[in-house]
Amino acid sequence: RQVTKDWTLQDDYQFLPEGAHDFLLDVFGHFNIDYSNFEGRNYFEYEYPIWQKKPLSKALKPLTVGMIIESAKAGKWLYD
C-alpha cells in the first residue's frame, strides 16, 4: 500500500508509544523540526510504573503523516 497523508502513527503504523517516540525524534532531527512544543501524551498513552499515579485518561489526537510533512515544511511542530 502507498502511504498517504492521512495515515496515522497509531492506527496505520501501529507504533507503541516508546517506538513512536524514537521514530519521531529521528524524523524531527533528520528534517530539523523544532519540536519544543510537541507533547507526545496528546497522541499516545504511555505506560506508567505501578507506583506512579497515572494521569486521567483523555481523548488522544491522531498523529498523521500529513502533520509531520507540514511541520517539516515549516521547520517546527505546528500542532498541540
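The structure presented is a predicted model; accordingly, all values stated were derived computationally and were not measured. Counting begins at 1 with the first residue of the sequence.
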Exercise: identify the closest heavy-atom pair between Leu78 and Ala74: CD2-CB, 3.7 Å
For atom CG of Asn32, decide whether the heavy atoms of other residues, nucleotides or ligands shown that lie under 6.0 angstrom number more than 12. no
Any side-chain donor-acceptor pair under 3.5 Å between Asp80 and Tyr43? yes
Atom OH of Tyr13 and atom CH2 of Trp7: how far apart are they, to the nearest 0.5 Å? 5.5 Å
So, the side chain of Gln10 versus the backbone of Lys61: is there a donor-acceptor pair under 3.5 Å, distance only? yes
Is the Tyr79-Phe38 ring centre distance short of 6.0 angstrom? no
For residues Lys5 and Thr64, determine if any side-chain heavy atom of one lies less than 4.5 Å from a side-chain heavy atom of the other. no
How far does CG of Asp11 sit from CG of Leu63, to the nearest 0.5 angstrom? 11.0 Å
Rounded distance (nearest 0.5 Å) linking atom CD of Glu39 with atom CZ of Phe44: 12.0 Å
OG1 of Thr8 to CE of Met67: how many Å apart, nearest 0.5 Å? 10.5 Å
CD/Glu70 to CD1/Ile33 distance, rounded to the nearest 0.5 angstrom? 11.0 Å
So does Lys76 have more than 12 non-hydrogen atoms from other groups sitting under 6.0 Å from NZ? no
With Asp6, which residues qualify under side-chain contact (heavy atoms from CB on, under 4.5 Å), at least two apart? Thr4
What I'd like to find out is whether the side chain of Ile68 reaches to under 4.5 Å of the side chain of Leu9, using heavy atoms alone. yes
Counting only heavy atoms from other residues, nucleotides and ligands, does the tally under 6.0 Å from CZ of Phe28 exceed 12? yes
